[in-house]
Amino acid sequence: MSEITETKITANQPEQRELRYEPQQIEEKWHARWEADPALYAAEPHTSKRKKYYVLEMLPYPSGALHMGHVRNYAIGDALARYMWMNGYNVLHPMGWDAFGLPAENAAIKNNVPPRQWTLSNIGHMKAQMKRIGFAYDWSREVATCLPEYYKWNQWFFLKLYEKGLAYRKKSKVNWCPECATVLANEQVVDGCCWRHEETQVQQQELEQWFVRTTNYSEELLAGLDKLEGWPEKVRTMQRNWIGRSEGALVDFKIDGAISGTEKITVFTTRIDTIYGATSIQLAPEHPLVAELVGNDPHLHSKVEDLLREQARAREVGDVGAIEKHGVFTGRYALNPFNQEKVPIWVANYILMDYGTGAIMSVPAHDERDHEFAQKYGLEIRIVILPRRIGQPPAPGEPEPPVLPYTEKDSLLINSGEFSQLSNQEAIQKMSAFAEQHGFGKRTVTYRLKDWGISRQRYWGTPIPMLYCEKCGVVPVPEKDLPVLLPENVDITLQGGSPLGRVPEFVNATCPKCGGSARRETDTMDTFVDSSWYFYRYTNAKLADRPLDTATVNYWFPIDQYIGGVEHAILHLIYSRFWTKFMRDLGLVKNDEPATRLFTQGMVIKDGAKMSKSKGNVVSPDDMVAKFGADSTRMYSLFATSPDRELDWQEAGVEGVHRFLSRIYRLVKRNAQPTHPFWNHPRPRHLPDNLRKIERKLHQTILKIRNDFEGRWHFNTSIAALMELLNEASEIIEWANYEPTGPLPFMQGQTGFIHVPVPPTKEVAIPFTALFLRQFVLLLAPFAPYLAAELWEVIGEKAILLRTDWPKGDAILALEEVIDIAVQVNGKLRDHVLIEYNATEETVKAAALAKVALHVEGKEIAKVIVVAGKLVNVVVR
RNA sequence: GCGGAAGUGGUGGAACUGGCAGACACACCAUCUUGAGGGGGUGGCGCCGAAAGGCGUGGGGGUUCAAAUCCCCCCUUCCGCACCA
């Protein structure tokens with residue numbers, strides 16, 4: 001670079017007031033403009049020629065105010081939506097409210113405000129917060145699940161489920177949360193406690209409830225996971241475990257000696273190959289046969305009662321795994337169908353009635369639990385499986401005893417009659433077939449997944465559209481009578497069951513079949529029903545006569561990118577997969593799965609702990625926006641760490657981002673060329689070295705950020721790259737536009753002699769600056785939309801920023817012409833050498849050797865490794 | 001217990017396929033601007049050492065010209081599951 005002179009400079013004062021970055025002013029200004037022109041954010045219709053892109057963030061519960069977790073979630077989605085828009089896609093980016101639920105009722109009790117009013121006012125406030133932060137949602141598609149125009153379709157779907165036999169009513173043991181005063185689904189019980197009240201143990205209650213037959217789709221829900229390659233492996237694993245498929249067999253053991261009515265016990269086993277080692281039968285305490293077997297023996301009876309109590313207690317504590325195993329012998333025997341051996345029938349507290357058949361064959365030698373139990377009660381432990389020795393069958397007579405219990409499946413059968421010497425995989429096949437042939441067993445598949453209990457004894461939810469007629473029994477509300485409206489002015493308490501039951505105008509109805517008097521169902525639906533299909537409604541949120549329009553849904557679905565918290569891995573995400581399959585079978589949609597890609601963002605924490613009121617470490621988005629502006633707040637949430645990781649909120653970090661945005665603001669404001677728009681100038685042919693340097697960096701940055709959006713989503717490094725670009729460019733851009741007669745714009749307060757490059761001619765400086773700043777603003781747009789909009793105007797652009805092409809980046813212009821090559825000796829860094837990018841390997845080698853001559857002196861060079869464009873390693877002896 | 005993820009400066013974190021560890025930022029130090037400052041500019045900043053140099057990615061071993069990255073053993077933290085027969 002020859003253009004260097006030495007210049008005397010003096011302090012440049014006073015500071016120019018108008019160059020202070022004032023996010024409040026800028027953001028309020030654009031907030032108002034965007035409010036006036038919502039069309040800016042609306043997706044184009046489904047007849048658009050553009051390629052569609054559906055990006056969705058999980059809808060929030062309107063609790064009252066946004067928290068940082070929301071801001072982070074939506075900042076990710078919004079950056080993606082904006083990026084996709086600017087890459088020519090027709091983007092659907094909607095938002096809505098998961099608006100039914102218990103907190104509204106609690107607020108009603110506490111503050112005497114009707115749930116509807118409380119909820120709608122929260123929605124109003126949170127919507128204003130979202131708009132203030134500048135999230136680009138298409139508000140024309142807003143959905144609030146508590147409004148009749150939405151929940152009407154919950155009821156409609158319920159009728160369809162009922163019609164198809166997928167909704168049914170049954171009396172059973174259900175989970176009851178005393179705090180919520182309602183029943184919970186299995187998915188809503190975490191470690192024996194309520195998912196909303198982590199301290200509150202769930203109680204078991206016998207109630208009549210509505211269930212949805214999710215288990216009809218067990219197999220498909222499981223198999224579908226293999227195809228969801230865009231979902232985190234963690235979520236897929238959790239769902240697999242939750243569905244819990246086991247292949248096995250049902251085997252009937254005849255009860256020895258007559259017994260009234262029943263004469264066999266059916267057990268479920270995945271290890272039929274170990275059946276010759278079964279030395280007892282174990283029944284769950286709740287097994288229906290237990291009463292018969294126990295008869296009227298008072299001693300046995302009280303023992304069984306004890307076992308029942310122990311199991312119930314363990315279940316409530318949520319610690320079934322740690323229960324101490326107890327059991328009692330019934331005095332009766334069953335016959336092993338394979339060898340007619342008599343095995344004792346026991347009742348044990350570790351057998352669960354709601355899995356398999358509630359009865360097992362106990363094989364102490366080959367099952368850990370059975371082993372523990374048998375040792376405790378002195379039951380026979382009989383080895384029927386040996387560790388398999390490859391190519392060498394065990395010598396008869398001297399079987400090498402395995403360490404018990406031996407549960408491996410790569411093994412060989414012994415003491416198993418005609419099945420001895422088979423490998424256990426073979427034995428499973430042959431013994432199952434044998435059982436089927438002889439009519440005492442059959443192959444089967446068992447799932448852990450249970451049907452979804454959806455009845456809730458609460459007010460603020462979708463009324464279940466069912467009637468109970470004295471004459472006709474259970475009668476669905478006819479479709480034409482939907483919605484069954486949720487009455488207003490209901491007295492809400494947490495005692496005494498469903499609040500709707502205390503509203504006679506609601507309860508008393510007429511039977512649509514016989515015209516006689518009927519009673520309405522007073523339970524409401526689980527709010528997870530609402531969120532199981534809300535994303536379909538966004539495609540046509542105002543549709544009055546149907547839940548959705550199939551052609552529109554087919555255009556938008558599946559969701560291209562779904563973003564939310566991992567806490568819904570098995571709740572919402574399994575229910576909505578079920579719902580999609582059900583809708584597909586109704587012919588309403590044609591996709592099998594709701595979303596192609598799922599992203600689960602990390603939690604936002606503060607000082608190493610989850611933000612919570614009790615810990616006093618809650619950071620309010622409002623405060624951050626007031627202090628640093630929305631752009632800094634949301635950009636920090638992307639910059640602090642990658643989106644999948646936990647984010648520890650540090651206010652100093654927000655300040656840092658704010659400083660970065662200030663520097664951008666000043667740079668653009670001082671150097672904008674609004675009267676020289678970029679299209680008036682092609683890229684200058686001959687750039688001086690320093691301009692070429694930042695042009696190269698610019699293209700490297702564009703390509704890097706593209707790579708981040710299209711790959712790993714490490715937006716923290718995207719933003720770091722923008723910072724690097726600014727660091728490298730700002731001084732050069734300032735000097736390129738330096739007027740020798742004017743004030744020194746950027747080196748405020750600097751005095752003394754410094755090296756100053758001579759500015760390029762205006763013919764180069766003006767178009768280059770126009771091009772550079774324009775691209776910089778575009779790069780910024782997905783992350784800091786307010787500042788980008790403001791600066792877009794400052795540089796004289798009139799087009800809609802969100803519909804302007806995001807820079808493509810040019811790999812040729814990004815190329816480094818001179819590369820810094822590291823020179824190592826025996827793997828230790830010793831020097832660097834600058835080399836033309838297209839230098840031959842020989843040139844590189846020679847240059848490198850010359851550099852490290854001293855280190856190599858007197859030693860024999862064993863070899864020289866050249867890694868193109870990176871380093872040279874000289875290996876010496 | 002089983003399964004998964006992760007351990008890098010004072011801090012948040014970079015290093016994408018084995019190739020210069022610590023990009024970018026925060027904090028801190030120095031310095032300039034100032035009556036002063038929480039603003040702005042410049043420089044420094046892994047550890048030991050005056051320097052040359054050495055040591056450094058949870059610990060220990062290994063593979064390799066070269067390891068944060070691959071392999072083996074161990075430790076720690078977080079998350080999920082946990083009598084599922």
Side-chain angles (χ1 to χ4, degrees), chain A residues 11-13 15 19-20 190-191 232-235 237-238 241-242 244-246 248 267-271 274 282 311 314 318-323 325 348-352 354-363 367-370 372-373 446-448 566 569-570 603 636 639-642 644-657 659-660 662-663 666 704 707-708 711-712 714 716-724 727 731 746-752 754 820-832 862-865 867-876:
Chain A
N12 170 48
Q13 286 296 330
E15 198 179 326
L19 288 192
R20 281 259 310 271
V190 180
D191 289 338
E233 193 51 51
K234 183 191 167 90
V235 171
T237 306
M238 283 168 75
N241 292 340
W242 188 259
R245 180 184 201 272
S246 300
V267 304
F268 173 69
T269 179
T270 55
R271 291 298 303 275
T274 64
Q282 303 287 344
Q311 195 175 69
D319 208 9
V320 188
I323 188 176
K325 291 185 179 47
N349 63 357
Y350 71 98
I351 307 302
L352 306 170
D354 52 10
Y355 183 78
T357 59
I360 64 149
M361 60 178 207
S362 177
V363 185
D367 182 279
E368 275 172 43
R369 298 149 300 179
D370 296 347
E372 186 190 333
F373 190 87
T446 297
Y447 299 90
R448 223 179 68 116
V566 75
I570 38 184
M603 269 202 318
Y636 169 72
F639 175 63
T641 183
S642 54
D644 53 319
R645 289 226 222 175
E646 201 168 71
L647 187 165
D648 197 344
W649 195 269
Q650 294 185 5
E651 196 168 311
V654 191
E655 228 176 304
V657 173
R659 271 203 282 274
F660 167 61
S662 304
R663 295 179 60 209
R666 288 196 301 268
K704 196 257 178 298
N707 199 33
D708 281 336
R712 303 185 306 163
H714 281 196
N716 50 332
T717 64
S718 305
I719 294 166
L722 282 175
M723 290 173 169
E724 282 184 60
N727 290 346
E731 189 177 339
F746 71 101
M747 304 191 83
Q748 290 168 22
Q750 200 82 337
T751 50
I754 58 159
D820 182 343
I821 301 280
V823 186
Q824 299 179 330
V825 176
N826 284 353
K828 281 209 165 70
L829 182 67
R830 293 299 177 193
D831 214 329
H832 289 259
K863 62 175 147 172
V864 179
I865 286 151
V867 182
K870 290 222 165 106
L871 59 66
V872 175
N873 188 12
V874 182
V875 186
V876 297

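Below, chain A is the first sequence line, B the second, and so on; all start at residue 1.
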Of B:C24, B:C20, B:G39, the nucleotide closest to the side chain of A:Met723 is B:C24
For [N] versus [M], give the span between their [atom1] atoms, rounded off to a whole number of Å.
N: B:G53; M: B:A15; atom1: P; result: 30 Å
N: B:A21; M: B:G13; atom1: C1'; result: 13 Å
N: B:C47; M: B:U57; atom1: C1'; result: 13 Å
N: B:A66; M: B:G3; atom1: P; result: 34 Å
N: B:A25; M: B:G59; atom1: P; result: 29 Å
N: B:G49; M: B:C32; atom1: P; result: 29 Å
N: B:C48; M: B:G43; atom1: P; result: 25 Å
N: B:G56; M: B:A68; atom1: C1'; result: 11 Å

Sugar-phosphate only, base, or nothing, as touched by [X] at under 4.0 Å among non-hydrogen atoms:
X: A:Arg830; answer: sugar-phosphate
X: A:Gly653; answer: nothing
X: A:Phe639; answer: base
X: A:Asn716; answer: sugar-phosphate
X: A:Asp354; answer: nothing
X: A:Ile821; answer: nothing
X: A:Glu646; answer: sugar-phosphate

Is there a donor on the side chain of A:His714 or the base of B:C16 sitting less than 3.5 Å from an acceptor on the other?
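Answer no: no donor N or O sits under 3.5 Å from an acceptor.
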Just to confirm, is there a sub-4.0 Å distance from OP1 or OP2 of [N] to any side-chain nitrogen or oxygen of [X]?
X: A:Arg659; N: B:A27; result: yes
X: A:Thr446; N: B:A85; result: no
X: A:Arg712; N: B:A15; result: yes
X: A:Asn727; N: B:A23; result: no
X: A:Arg645; N: B:C78; result: no
X: A:Lys863; N: B:C65; result: yes
X: A:Arg663; N: B:G40; result: no

Nearest-angstrom distance from the residue atom [atom1] of [X] to [atom2] of [N]:
X: A:Lys828; N: B:C65; atom1: NZ; atom2: P; value: 16 Å
X: A:Ile719; N: B:A14; atom1: CD1; atom2: C1'; value: 14 Å
X: A:Leu829; N: B:A21; atom1: CG; atom2: P; value: 6 Å
X: A:Met238; N: B:C79; atom1: CE; atom2: C1'; value: 8 Å
X: A:Lys704; N: B:C24; atom1: NZ; atom2: C1'; value: 11 Å
X: A:Tyr355; N: B:A82; atom1: OH; atom2: P; value: 13 Å
X: A:Arg666; N: B:G39; atom1: CZ; atom2: C1'; value: 9 Å
X: A:Leu871; N: B:G19; atom1: CG; atom2: P; value: 9 Å

Could you check B:G38 for me: syn (within 90° of 0) or anti?
anti
Does [N] pair with anything, Watson-Crick or G-U wobble, both distances under 3.5 Å, and if so, with which nucleotide?
N: B:U76; result: B:A6
N: B:G43; result: B:C29
N: B:C70; result: B:G62
N: B:C24; result: B:G12

Locate the shortest heavy-atom distance separating [X] from [Y]; write the atom from each residue and the value.
X: A:Asp708; Y: A:Ser718; value: OD2-OG, 2.7 Å
X: A:Asn716; Y: A:Ser642; value: ND2-N, 3.5 Å
X: A:Gln650; Y: A:Tyr636; value: N-OH, 3.1 Å
X: A:Thr270; Y: A:Ser246; value: CG2-CB, 3.9 Å

Measure the CZ-CG distance between A:Arg712 and A:Asp644 for me, rounded to the nearest 0.5 Å.
10.0 Å
For atom CD of A:Glu368, is the number of surrounding heavy atoms from other residues, nucleotides or ligands below 6.0 Å larger than 12?
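Atom CD in A:Glu368 is not crowded, with 12 or fewer foreign heavy atoms closer than 6.0 Å.
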Ring-face cation of A:Lys325 near A:Tyr350 (centre distance under 6.0 Å, axis angle within 45°)
yes
